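What follows is one structure encoded as structure tokens, with my remarks underneath.
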Amino acid sequence: MQFLPLEQLNIDEKILKILKDRGIEKLNPVQTEAINKGLLKDERLLVTSPTGSGKTLIAELGIISHLLNKGGKAIYITPLRALTSEKFSELKVWEKLGYKVGMTSGDYDTDDAWLKNYDIIISTYEKIDSLWRRNPSWLKEVDYFVLDEFHYLNDPHRGPVVESVAVRIRYKNLLALSATIQNYEEISKWLNATPVTTDWRPVPLKEGVIIPEKKSSYKVIFSNNESINIKGNDAILAYVNYVLQHGGQVLVFRNSRKIAESTARKIASNMGLFKMDKELEKISNEIKEVDDAGTTEKEDLAELVRSGVAYHHAGLSKGLRDIIEKYFIQRKIKVIVATPTLAAGVNLPARSVIVGDIYRFNRQILGFNEEIPIMEYKQMAGRAGRPGFDKEGEAIIVVRNKSEADRVFKKYILSPPEPIESKLGNEASFYTFILGIVSSEGRVTSDEVEDYAMGTLLDKDIVKSYLKKGLNWLRDNEFIAGDDDLVLTKFGKRVADLYINPFTAKTFKDYLTRNEKSCNVAYLHLCAYTPDGPRVSVSRNEMYDLVDLSPCPLFIEEPDDEDEFYNYVSALKVGMIINDWIEEVDEDIILGRYGIGSGDLRSIIDTMDWLTYSGFNISRVLDLKEHAEAFYILNLRVKDGIKEELIDLVKVPGIGRKRARLLFENNIKKPEDIIMNVDKVKSLLGSRLGEKVAKDAARIIAGNA
DNA sequence: TGGCTGCTCATCTAGACAGCATGTC
DNA sequence: CTAGATGAGCAGCCA
């Protein structure tokens, strides 16, 4: 284990100064090792090391030294939007050297052409993949790529994109950063990169299991053979109390939202000691004021937080999650019970991590519960130990008995995580990959496509069979044209640019060409039924009601197959949710009616916004005028959750579904009406907002003219 | 007949990327 | 192989 004092670093003074200003005196062993392997000399590297071991700084040094020596541009790619903005603020300090730092991702988007003004761009894998398909000229100037959280390659859903991006930068400078993986040698060979691997962590990690003993007693056994006895009637409760008594914070992971919530409640009712804390009272009130969440969820959470406990999952609105994360980092909130959201996302460490469940329901293998991958456990355990606060972090797994304890200990604590493998081996992913290649190249021979495909991690024989099938399928369905000289058709190019799954495009095409215009629910159902559509769970009770609820004939016929029927009904539920949304049904009512959280609603709306826009474009490129018209209006309504009559009003910034409705009911129906009745608008919206809205309305009208 | 208790059995289950128009964070 | 919380439904009991 070697620490390298900054003085010994052969690096530009300007860089040193910035590092010193940040309080960095020496580089840690991982960083030192990366430098020894050529980080500052543009060596292609694959760094595998635990969470929180300072990989971001490695990336920063790599990027900056490259820019200083060679100029050009650098792109830093992450798998999550939240990480993209986190890295953006971290990399911002380098603007002191005159470099411009920018970011772009789905929810924080920047015009393609504008990106040429930045030297360092932070983005997501999907966004970069999408950008590549359009191939703006500045992209060729980018010659340094950081691929963060590279182990996402192993994710069945997101992995194919990570792999596609990696394949494209075979001949550029590359720095791949990953959690610890078993087969790093194989992967680095594939990437043509030098491996840098260590187990060094800034805060040592103690892993263990908690086992029930006699009655009201638990034993915790750690990997260093230490063990402690704890009293209590519930393993999680007992351990949480133990940690709190020693002044630590706890992150508890559970495998379902409902269980996370009830565990949080159980812990809260056991936390008399923090009740009536003034700070917590304040946070509780702040939660009640959040404006993007449902009333019930705010009240539930506000009550819990009064005890210093919160739950956290994707059903919660962004606003609620932000508050919880913020006050946990400030150590006001002592315990968070979370689903796996927090395992992979932003940096949110705690002294202790409790992994409540090692099993997880799996829809594919019904009635069968699978054990979570070791990699996932390591991600959760990796959150243990706060640098600067805790001397050591601890992660414990809850088990049921002694024999399970032995097995779990061996598997999760003593074994390395699974090897990571290509996830391109399925039709949808592979065909998408080919489509992307043809799109960015503009015109390619099938040999060149094969050359790209052979560069993937996929087994060569599998590549060959998929390639043949894929090219035929894409040709048969009119995405590409030409036998040897391949180009995208107009339809194919549109699909590539919209970034929809080719099977989504085919679904649109098939049903739209075959059917006449129908009602909104039919269009929404079609969007939701595509492979890109949002999936919602449907209970047995809902299932049959939903079928009767549909207000008009749908484009898709009711399937006989049980699984397909479920997808059909799930899509119908999405259709009904969005239909309520665009009929201006109150948000609280929607959440209650369909049993979803405000975070779920938000994500369904976002996806359906994208898909209705895609439906519009697909209809247009196929020259289906009636469908295009219907999708166009529908898309505008889905964006803001409004009836058609409010479309003009919401064009004014600051006016959403609620304000637009208020104005409309008071006979202000167009931006022009706002300007004509500024006093009325001010009395309805308050004078400051009214003033601003009037100004923006004037600008919009001027823009239209 | 009405209401409560306790048991059995069926039911249910994580997460999050993308377009475009905005302004350019 | 490798789950567990929840809630509806119902039998049984008592007043």
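Quick caveat, the model's predicted, so the values are computed rather than measured. Order of the sequence lines fixes the chain letters, A, B, ..., with proteins taken first and strands second; residue numbering starts at 1 for each chain.
- For the pair A:I372 CD1 and B:dT13 C1', the computed distance is 15 Å after rounding to whole Å.
- Salt bridge status for A:R265 with A:E261: present, with a side-chain N to carboxylate O gap under 4.0 Å.
- If you measure from atom CG of A:N255 to atom P of B:dA14, you get 8 Å, rounded to the nearest angstrom.
- Between A:Y76 and A:W94, the ring center distance fails the sub-6.0 Å criterion.
- Within the 4.0 Å cut-off from OP1 or OP2 of C:dG4, not a single side-chain nitrogen or oxygen of A:S256 is found.
- Listed by chain and residue number, A:H313 satisfy the ring-ring contact (aromatic ring centres under 6.0 Å, His included) test with A:Y311 (two or more places apart in sequence, or in another chain).
- Rounded to an integer number of Å, the gap from CD1 of A:I596 to C1' of B:dA16 is 15 Å.
- For the contact set between residues 155-163 of chain A and DNA chain B, defined by any heavy atom under 4.0 Å, the members are A:D155, A:H157, A:R158.
- Between A:S539 and B:dC12 there is a side-chain polar atom (N or O) within less than 4.0 angstrom of OP1 or OP2.
- Residue contacts for A:S614: at a heavy-atom cut-off of 4.0 Å it reaches no nucleic acid atom on any strand shown.
- Between B:dG15 and A:R257, a contact under 4.0 Å exists linking OP1 or OP2 to a side-chain N or O.
- Contact check for A:S123 versus A:I77: no side-chain heavy atoms found under the 4.5 Å cut-off.
- For B:dA16, the OP1/OP2 oxygens have no side-chain nitrogen or oxygen of A:R81 closer than 4.0 Å.
- For A:K92, the salt bridge (Lys or Arg N to Asp or Glu O under 4.0 Å) criterion is met by A:E95, not counting sequence neighbours.
- Proximity of A:T530 to A:N501: side-chain heavy atoms (C-beta onward) are nowhere separated by under 4.5 Å.
- Between A:D606 atom CG and B:dG19 atom P there is a gap of 12 Å when expressed in whole angstrom units.
- Taking atom C1' on both B:dT24 and B:dC20, the two are 16 Å apart, rounded to the nearest angstrom.
- Counting non-hydrogen atoms under 4.0 angstrom, A:R360 reaches a base of the nucleic acid.
- Remark: A:D609 pairs with A:K639 by the salt bridge (Lys or Arg N to Asp or Glu O under 4.0 Å) rule, at least two apart or across chains.
- For residues 154-164 of chain A, the pairs satisfying salt bridge (Lys or Arg N to Asp or Glu O under 4.0 Å) are A:E126-A:R158, with sequence neighbours left out.
- Within the nucleic acid shown, A:I358 has no heavy atom closer than 4.0 Å to any nucleic acid atom.
- Residue contacts shown for A:P79 are limited to sugar-phosphate atoms, with no base heavy atom under 4.0 Å away.
- As a whole-Å value, the separation of A:D357 CG from B:dT13 P is 15 Å.
- The side chain of A:S262 places an N or O atom within less than 4.0 Å of a non-bridging phosphate oxygen (OP1 or OP2) of C:dT6.
- Taking atom CZ of A:F433 as the reference point, atom C1' of B:dA18 lies 19 Å away to the nearest angstrom.
- No hydrogens or angles considered: nothing links the side chains of A:S415 and A:K410 as a donor-acceptor pair under 3.5 Å.
- Side-chain proximity of A:R400 to the nucleotides B:dG19, C:dA3, B:dG15 is greatest for C:dA3.
- For A:D119, there are no salt bridge (Lys or Arg N to Asp or Glu O under 4.0 Å) partners, not counting sequence neighbours.
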Fill in the blank from the handout: Per-nucleotide protein contact along nucleotides 20-25 of chain B, 5' to 3', at a 4.0 Å heavy-atom cut-off (B base, S sugar-phosphate only, - neither), is BBBBBB
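- Residues passing the ring-ring contact (aromatic ring centres under 6.0 Å, His included) test with A:Y125: none are found, sequence neighbours excluded.
- Within the structure, a side-chain polar atom (N or O) of A:K127 is placed less than 4.0 Å from OP1 or OP2 of B:dG19.
- Both A:E126 and A:G315 sit near DNA chain B, but only A:G315 has its closest nucleotide nearer the 5' end.
- When the P atom is compared between B:dA14 and C:dT6, the two are found 14 Å apart, to the nearest whole Å.
- Take A:Y613 and apply the ring-ring contact (aromatic ring centres under 6.0 Å, His included) test, not counting sequence neighbours, and it matches no residue.
- The salt bridge (Lys or Arg N to Asp or Glu O under 4.0 Å) test applied to A:E297 returns no partner, not counting sequence neighbours.
- Remark: DNA chain B forms stems of 3 or more consecutive Watson-Crick or G-U wobble pairs, all pair distances under 3.5 Å, at B:1-13 with C:3-15.
- Residue pairs that meet the salt bridge (Lys or Arg N to Asp or Glu O under 4.0 Å) test with at least one member in residues 310-325 of chain A, sequence neighbours left out, are A:K318-A:D322.
- Rounded to whole angstrom, the span from the CD1 atom of A:I236 across to the C1' atom of C:dA5 amounts to 12 Å.
- Residue-to-nucleotide contacts include no donor-acceptor pair under 3.5 Å from the side chain of A:T124 to the base of B:dA18.
- Each of A:S123 and A:T341 lies near DNA chain B, and the nucleotide nearest A:T341 is the one positioned closer to the 5' end.
- The side chain of A:S105 sits closest to B:dA18 out of B:dA18, C:dT6, B:dA14.
- B:dT11 atom C1' lies 13 Å from atom CD1 of A:I259, rounded to whole Å.
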